[in-house]
Protein chains: 2
Amino acid sequence: MLYAGFMSAALPSFPQPEESLGTPPVLDVGTASDEPCLRADAARNRARLLEAASRLIAEHGAAGVTMEAVAAAAGVGKGTVFRRFGDRTGLLLALLDHSARTLQADFMGGPPPLGPGAPPVDRLRAFGLAVLYRYVEQLDLQLAAQPEASRRFAHPFQQALQTHVTMLLRQIRPGADCELLAHTLLASLDPALISHLTRQRGMPLERLEKGWVDLVARVTGTDV
Amino acid sequence: MLYAGFMSAALPSFPQPEESLGTPPVLDVGTASDEPCLRADAARNRARLLEAASRLIAEHGAAGVTMEAVAAAAGVGKGTVFRRFGDRTGLLLALLDHSARTLQADFMGGPPPLGPGAPPVDRLRAFGLAVLYRYVEQLDLQLAAQPEASRRFAHPFQQALQTHVTMLLRQIRPGADCELLAHTLLASLDPALISHLTRQRGMPLERLEKGWVDLVARVTGTDV
DNA sequence: AATGAAACTGGACCGCAGTCCGCTTAGGAT
DNA sequence: ATCCTAAGCGGACTGCGGTCCAGTTTCATT
């Protein structure tokens, strides 16, 4: 592809045990956590696959992650990859899962201003910046993991963001169409847009930050 | 890859002659209108391909438009389709070309409030609604014609929208980061988002309209 | 320990987007 | 009318995402 560079998963958390046999990579491959309970062999293969995928990304960029290559690198059949992750998007999203959960935990239960305790406007401002940082940090992967248009908003994590923003907006502008407004705000944080602005247009991150802060101020009717 | 730059530069073009082809399609299959001058056989094939594509869409929906099917239906080889339109997205975009040009002509040189003559805020409001209507009207095709993430904003027509909104914003809020703000506003009109809101969420069009009007009011600091 | 069935596996298979390259043809120049 | 060459052509080919299904493995039950 075009840009070789890539960022390894950039997850804040971790100390993982050294890799030995079926365990952990750079990316947190954590527990399935939504998959109720995997059969032992399935769990082992899942871990192998995620590990292989993150290695391939590190080596060849997100574009180099073909399903066959991942399967081969993990020493399993291609069908297994699809059974476990549904499709390519599902695999890539799984790689981002830990980071997504961390963010979600932060804005739902972490310390202010992101978490509860701060005024809603402050939380909203902090929320956008947090999302922005996360996306910028993982831009290539975020881009590659972008599902097809019609499913983009259906993913549970996306819905969680949506719900959270809606909730904050309701506290700030009870009279407004907060659901719709939330979608609008989130649309301005779209990874594809961020990528375009920073790469094609060369806008520095600070400009995007200011843009978000200004947008929030305007939309909520508060001062910058 | 340098496929002939088939799409237009962003210059205003004018109402094209009425199209009369076999089917009276919603879609215009009109003349190339910008391609310097195609060899006779190439021009003929181009027309055949567009006609075939629009027929296939009518029959099987946008998803049924495979490059091979279009080529076969038009009685040409597959390579010809790619040579002419670059890729699938290019073909679908070409089908939308006339409608795009019309809109562009309208907001650049048409009657107010869309065209020049009305106050910038009114123009901006009208602009968003016009875009909204156009997208809703052609949702499936717009969705299918959505290029891969990294190219979404690179298309000349998209740039034209961007430039126009930026220009209007500069007249309304000279101090603001109008370029960035323009991207934000346009992001809220993304076909994928519109599709999600209207189809998955079941929001009626009127709600989206109100949303846009409200957003414009907020962002420009004017009254609703 | 034996058993049965659900869960899992892997690789052959399919359809489609996109590339390649040798052949054909349009159409200007002479 | 003839020639010349760039433009156009088409279909074989590649690579990938995704499906399918016959065979294998796990594990709860007895």
Side-chain angles (χ1 to χ4, degrees), chain A residues 1-2 22 32 34-50 52-53 56-57 60-95 144-151, chain B residues 1-6 32 35-50 52-53 56-57 60-95 144-151:
Chain A
M1 240 280 179
L2 301 108
D34 51 338
E35 204 79 9
C37 62
L38 246 29
R39 230 170 69 172
D41 54 345
R44 188 201 58 204
N45 282 343
R46 184 191 143 95
R48 280 189 189 171
L49 284 166
L50 288 174
L56 283 179
I57 284 181
H60 309 110
V65 181
T66 76
M67 297 304 258
E68 252 175 298
V70 174
V76 305
K78 191 176 172 179
T80 303
V81 193
F82 283 95
R83 152 168 289 265
R84 185 60 49 215
F85 298 104
D87 59 13
R88 198 181 115 97
T89 292
L91 172 60
L92 297 178
L93 249 16
L95 288 175
Q146 206 71 224
E148 194 225 341
S150 54
R151 264 181 256 160
Chain B
M1 203 221 5
L2 21 65
Y3 52 90
F6 61 96
E35 199 69 13
C37 61
L38 247 29
R39 230 170 69 172
D41 52 347
R44 188 201 57 206
N45 282 344
R46 186 191 142 95
R48 280 189 190 170
L49 283 166
L50 288 174
L56 282 179
I57 285 183
H60 308 110
V65 180
T66 76
M67 298 304 260
E68 251 176 298
V70 174
V76 306
K78 192 177 172 179
T80 304
V81 193
F82 283 95
R83 152 170 290 265
R84 185 60 48 215
F85 297 103
D87 60 13
R88 198 181 117 96
T89 292
L91 172 60
L92 296 177
L93 249 17
L95 288 174
Q146 206 69 225
E148 194 225 341
S150 53
R151 265 181 255 163

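The chains referred to below are lettered A, B, ... by the order of the sequence lines, with proteins before strands, and numbering in each begins at 1.
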Heavy-atom pair of closest approach, residues Ala94(B) and Leu50(B): CB-CD2, 3.9 Å
Proximity to the side chain of Arg83(B) - top-ranked nucleotide from dA17(C), dT19(D), dG8(D): dG8(D)
Restricting both atoms to N or O, compile the protein contacts to nucleotides 24-27 of chain D shorter than 3.5 Å, with distance only.
residue : atom : partner  : partner atom : Å
dT25(D) : O2   : Arg39(A) : NH1          : 3.1
dT25(D) : O2   : Arg39(A) : NH2          : 3.1
dT26(D) : O4'  : Arg39(A) : NE           : 3.4
dC27(D) : OP1  : Ala40(A) : N            : 3.1

Gap between atom CE of Met67(B) and atom OG1 of Thr80(B) - 0.5 Å precision: 11.0 Å
Residue pair Ala144(A) / Ala62(A): nearest heavy atoms and the distance that separates them: CB-CB, 3.8 Å
Atom pair distance, as rounded to whole Å: CD in Glu148(B) and P in dG17(D): 13 Å
Euclidean distance, atom CZ of residue Arg88(A) to atom C1' of dA17(C) [Å, nearest integer]: 15 Å
Nucleotide dC8(C), atom P - distance to CZ of Phe82(A) in whole Å: 17 Å
Distance, rounded to the nearest Å, where Gln146(A) contributes CD and dG17(D) contributes P: 17 Å
Nearest to side-chain heavy atoms of Thr66(B), which nucleotide of dG17(D), dC9(D), dC16(C): dC16(C)
side-chain N/O Asn45(A) vs dT9(C) OP1/OP2, d < 4.0 Å: yes
Side chains of residues 85-92 of chain A: which donor-acceptor partners sit under 3.5 Å, not counting sequence neighbours?
residue  : atom : partner   : partner atom : Å
Asp87(A) : OD1  : Thr89(A)  : N            : 3.3
Asp87(A) : OD1  : Gly90(A)  : N            : 2.8
Asp87(A) : OD2  : Arg151(A) : NH1          : 3.2
Arg88(A) : NH1  : Val65(A)  : O            : 2.5

Nearest heavy atoms of Ala71(B) and Leu49(B), plus distance in Å: CA-CD2, 4.2 Å
Whole-Å distance separating the CZ atom of Arg151(B) from the C1' atom of dG18(C): 11 Å
Sub-4.0 Å heavy-atom contacts from residues 68-81 of chain A onto DNA chain C, ordered by number: Val76(A), Gly77(A), Lys78(A), Gly79(A), Thr80(A)
Atom pair distance, as rounded to whole Å: CZ in Phe85(A) and C1' in dC8(C): 14 Å
Arg84(B) CZ - dG10(D) P separation (whole Å): 11 Å
Those residues that, when tested against Arg39(B), pass side chain to side chain donor-acceptor pair (under 3.5 Å) (two or more places apart): Asp41(B)
All side-chain contact (heavy atoms from CB on, under 4.5 Å) counterparts of Thr66(B), not counting sequence neighbours: Glu68(B), Ala69(B)
Length of the line joining Leu92(B):CG and dG18(C):P, which is rounded to integer Å: 10 Å
